[in-house]
Amino acid sequence: MKALIALEDGAIFEGESFTGAGETSGEIVFNTGMSGYQEVLTDPSYTGQIVTMTYPLIGNYGVNEEDNESDRIQVEAFIVKEYNAIPCNYRATGSLADFLKKENILGIEGVDTRALTRHIRVAGALRGIISTKDLDPDSLVAKAKASPGLVGRDLVKEVTCKEPYGWTIKGPVAGNNFSSCDPGKHKIVCFDLGLKYNQLRLLAERDCAVQVVPATTSAEEVMAMNPDGIFLSNGPGDPAGVEGVIETIRALLPEKPVFGICLGHQILGLAYGGTTYKLKFGHRGANQPVKDLLTGKVEVTSQNHGFCVDLDSLPADEVELTHVNLNDNSLEGMRHKKFNAFSVQHHPENAPGPHDSIYLFDRFIETMDE
Amino acid sequence: MPKRTDIHKILIIGSGPIIISQACEFDYSGTQAVTALKEEGYEVVLINSNPATIMTDPEIADRTYIEPITPEMVAKIIEKERPDALLPTLGGQTGLNTAIKVAEMGVLEKYNVEMLAADVDVIKKAEGRDSFREAMYKIGLKVPESAIVHTIAESREAADKIGFPIIVRPSFTLGGTGGGVAYNSQELDDMCTAGLDLSLNTEVMLERSLLGWKEYELEVMRDRNDNVVIICSIENMDAMGVHTGDSITVAPAQTLSDREYQEMRDASIAIIREIGVETGGSNVQFAINPENGEQMIIEMNPRVSRSSALASKATGFPIAKIAAKLAVGYTLDEITNDITQETYAAFEPTIDYCVIKIPRFTFEKFPETEDVLTTAMKSVGETMAIGRTFKEALQKGFRSLEIGISGFGGHAKFELDDRDQRDLELKLKTPNSQRIFCLHEALVRDMGVERIYELTAIDPWYLHNLQQIYNMELEIKEKGFKGLQGDFLRKVKQFGFSDDQLAYITGTSENDIWQLREEQQVKPVYKLVDTCAAEFEAHTPYYYSTFEQENEARSTNGRKVMILGGGPNRIGQGIEFDYCCVHASFALREMGIESIMVNSNPETVSTDYDTSDKLYFEPLTREDVMHIIDTEKPEGVIVQFGGQTPLNLAVALDKMNVPILGTSPMPLTGPKTGNASRNSCKSWACCNPITTRPETVLRPWKSLNASAIQWWFVPHTFWADGPCALSIMSRS
């Protein structure tokens, strides 16, 4: 079924739907990872976005039960060069097309994804629309222009869990105040800003009891649970648009060790008094080099962000730069000199991507041991 | 960490003559490394006995010894030259083995020569079967059940424990020479006798056969700050049991989820650290059980390898050059990525296309050798093809092979309908150089992917893709020439079908299809190989073709000339033709003329992205070359340096009004080509590539003292003044 992709600047790309009819809009971004499409699809940070994979052959190993990073598909639509319909992998339990269809997510193939990627690289991330129903380019471009975009929007309230839950070896179980999670040496409260399950898995593997709470949870409610540490997850959209959490974190900073990832890191930056800005087309992939300034070593990281903390906006006497992106020198990690808090822009929980940065979870455990 | 200033003079050992499993890839890596070290201001001394190499050109190293690569000779050179360091990891297994022997002779210690990148203990740990296994156990990785034997008696005893089939691998040999799969005690005896004889230390390993498991390779790099990156993953289409050099291989890995890929990545990093390769590239080979994902480590090469050359060409990341810089102390985050010019070598290339390497065999020239592929390498060359899909890359790869076929199917060679079914199944079951034809026939007979998988153990993902190509062939046949229109024609081209195949399938001529595509405007576009999937702007014009929306070819208006390379190595055509093409390109660049290289051989210097002004990694067929000519519009094409391949194209190109520089194409081909050409060209000084093979010209000159007589190519004199291909002049 023929599909058109229209961008707000008038660019048109042709493709074919491999999931049936539909129309959907969102910010179009590209991911350069060569594997891990299932994790990408279920990563809540992609809420509001249409993702195109730069690797052309997608669907090869199907989908399975273990690689979901949340309870549903989060992308608005998925664009690939060639969809491979028959899964060939011993872990596969189904095909990618069925996985997408079940949740009514459009999958488009046959697109010159390299041309699309180059377009975004030059023009920056753009609002776009995909349709199999309306194949009139002018009409689609008008719709793309009218779509909401990401800046200033609070997408966290759309993706954060409605009720608290505890993490167990079998997955999430509803419950508050560490009542439902597997037991552990350290009690961690995780703010769900759009988290990926692998963050919880890695904490649990490190002997932590993991209590997940909605982003709207107050500082008092958190303190009442008396955790040993606080974890701020990744999440979608513009950190400046997120309501409430910044103040909550500001109140908790003097009280407990804090570890933030991606949006959680940006929220910390804002809580420290800094500002954030939108990157031209973001960092999305599994090959971004980051230097740990504490050790001088380079780690290859998994990334997914369109916004960034402005280094110059941070109070230099209070916040120390710990990690930097070697490609564009953007801020990748920082720690507070007074409070027991550190954070990184990239995804040490990987899934998908290299495992080089898992040590950051160990560092978090160490801060609680101290 | 900046480069080291405590060393000044570095000795590099080349890989010597071309043999099976050690071809021009080591000229490619050696040339890159020597050039990189000189760039950094080091004095480089080189020993290599192969004169048909770019690396032995006088202007490459500071001093070049064209001498046999023996420990004694290396010792003599060390005594004379007194280098501060020896870099042993760039000259293939020959370089590595020789370096070990030199070290064991005490020469390095005596003259205080440091071994860079990997010292003797590291090399021994990686190459010695026992020590490697122990190291793997230590870091919790699995290796196949096995035994090390030194006598035939020991081998029989071990076989009782392991059980047949058994893989026989002699230690310290090239390309697994003398190894194989033994199915019974007689075969085991034969292989062990040969293997013990060939092994440097009279040692053979017998191991559990993992026949049918999937095989992978990862190219790993480490710097002295312990930063480790993976350059490329490669998946073998042929299952375990076929030497990687004889397998059709694909980059990146196709059938692994991220979780499984990362497990392999973690293992590779742990291995390079545990073995202790201090700096540079290594190659780790894995076997994965398709039933349950069980992972086994097969081996690790602590050096630049054939796969490194392939990985370099597949990703655009120059492994040998970076390895050389790491060896003298740089770290990955200090070396700029040439292609983007704004990022560093500390990253992992990501690709947005599919790369296929296909080996070329010459069993017909060795009637006494059985056409069966095992763990000892038998192919004599290889070709690489790039496409946006596996199907496109595979079909391009087959026509790059230059064995008459122009894709998967659509050629008389694929007509096997009189083949007995039992014989067909046997040929599918036992890997051999003709299996790809049998795979096609199996599809014709509608045997089904499941049954073909049972027989071949080729992952169903590949078989499904082959099935799709075959289904398309049927559709083309059904629709006929008249049906080749618009979107369907475009789709057919996106599946990689060549005009030649389409002509065969529809009973028309290649010209008819070409004309049709002219009318329909179905033309390829060119995309860049850029290490980063378009995330950053690429500054090096390294292209491949595909049938898509956007064309990235940046055509210039100045003077430009296209050089057609030699394609895959074969018996009778080795590295020497690549040598000529590279020099033609250098000469053009010196003259300020843009040089455009077209070639499909990943082992070569000519396919390095900075040898020419532009590189098109494409099959050398009329169709593919004509498309590039249409895009670039060069003032002429040089066909005479690439050996037989481009010469065969000369008439076809001439007919399309392409200016062939130098020699008029007419005497070069036609019936009884060789003789006609030879006779008409007797008066040429030294130059007809048919009458005079380049190495016969090169050898006497290079065997003279290189510093006494300098020489160079001046190809421009020939197309300006007359029909001569190359000449050598004395500068002194």
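Per chain, numbering begins at 1; letters A, B, ... match sequence-line order.
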Which one, [options], leads in non-hydrogen pairs under 4.5 Å with chain A?
options: B:Asn225, B:Thr331, B:Asp223, B:Asn337; answer: B:Asn225
options: B:Ser257, B:Ala533, B:Pro349, B:Ala346; answer: B:Ser257
options: B:Gln494, B:Glu260, B:Gln468, B:Lys214; answer: B:Glu260

With a 4.5 Å limit on heavy-atom distance, are the side chains of [X] and [Y] in contact?
X: A:Leu326; Y: B:Thr343; value: no
X: A:Pro56; Y: B:Thr389; value: no
X: A:Asp112; Y: B:Arg388; value: yes
X: B:Arg265; Y: A:Pro354; value: yes
X: A:Leu57; Y: B:Tyr353; value: no
X: B:Thr255; Y: A:Tyr61; value: no
X: B:Glu537; Y: A:Arg121; value: yes
X: B:Val228; Y: A:Lys297; value: no

> Which bit of A:Asn84 comes within less than 4.5 Å of chain B, counting heavy atoms only: side chain, backbone, both or neither?
Replying inline: side chain
> Is it the backbone or the side chain of A:Phe281 that comes under 4.5 Å from a heavy atom of chain B, or both, or neither?
Replying inline: side chain
Flag the pair [X] and [Y] as a salt bridge only when some basic side-chain nitrogen lies within less than 4.0 angstrom of an acidic carboxylate oxygen.
X: A:Arg114; Y: B:Glu550; value: no
X: A:Lys81; Y: B:Glu548; value: yes
X: B:Lys391; Y: A:Glu82; value: yes

Flag the one option from [options] with the top tally of heavy-atom pairs under 4.5 Å to chain B.
options: A:Lys291, A:Glu66, A:His283; answer: A:Glu66
options: A:Ala286, A:Ala115, A:Gly33; answer: A:Ala115
options: A:Glu39, A:Met34, A:Arg118; answer: A:Arg118
options: A:Thr54, A:Val111, A:Val122, A:Thr295; answer: A:Thr54

>> Using only non-hydrogen atoms and a strict under-4.5 angstrom cutoff, which residues of residues 86-94 of chain A touch chain B?
In response: A:Ile86, A:Cys88, A:Asn89, A:Tyr90, A:Arg91
> Can you check whether A:Gly353's main-chain N or O pairs, donor with acceptor, with B:Gln262's side chain at less than 3.5 Å?
Replying inline: yes
>> Whether the side chain of A:Asn287 engages the backbone of B:Phe347 through a donor-acceptor N/O pair (distance < 3.5 Å, no angle test) should be reported.
In response: no
Counting only heavy atoms closer than 4.5 Å, note whether [X] contacts chain A via side chain, backbone, both or neither.
X: B:Asn465; value: side chain
X: B:Asp226; value: both
X: B:Phe390; value: both
X: B:Pro290; value: backbone
X: B:Leu528; value: both
X: B:Asp487; value: neither
X: B:Asp459; value: side chain
X: B:Glu342; value: backbone

>> Between B:Glu535 and A:Gln288, do the side chains contain a donor N or O and an acceptor N or O under 3.5 Å apart?
In response: yes
> In a check of side-chain contact (heavy atoms from CB on, under 4.5 Å) between B:Val229 and each of A:Val300, A:Asp356, A:Val298, which one passes?
Replying inline: A:Val300
>> Would you say NZ of B:Lys523 has more than 12 non-hydrogen atoms from neighbouring residues, nucleotides or ligands within 6.0 angstrom?
In response: yes
>> Go through it in stages, so that I can follow the logic: the residues are B:Leu256 and A:Ser35, the test is side chain to side chain contact (heavy atoms under 4.5 Å, CB included), and I'd like the CA-CA distance, side-chain angles, deciding distance and then a yes or no.
In response: CA-CA 8 Å; B:Leu256 293 179; A:Ser35 53; over 6 Å; no
> When you look at B:Asp352 and A:Thr113, which way does the side chain to side chain contact (heavy atoms under 4.5 Å, CB included) test go after all the steps?
Replying inline: CA-CA 9 Å; B:Asp352 56 3; A:Thr113 48; over 6 Å; no
>> Test side chain to side chain contact (heavy atoms under 4.5 Å, CB included) on A:Asn327 and B:Tyr344; report intermediate values, then the result.
In response: CA-CA 7 Å; A:Asn327 283 346; B:Tyr344 295 91; 5.8 Å; no
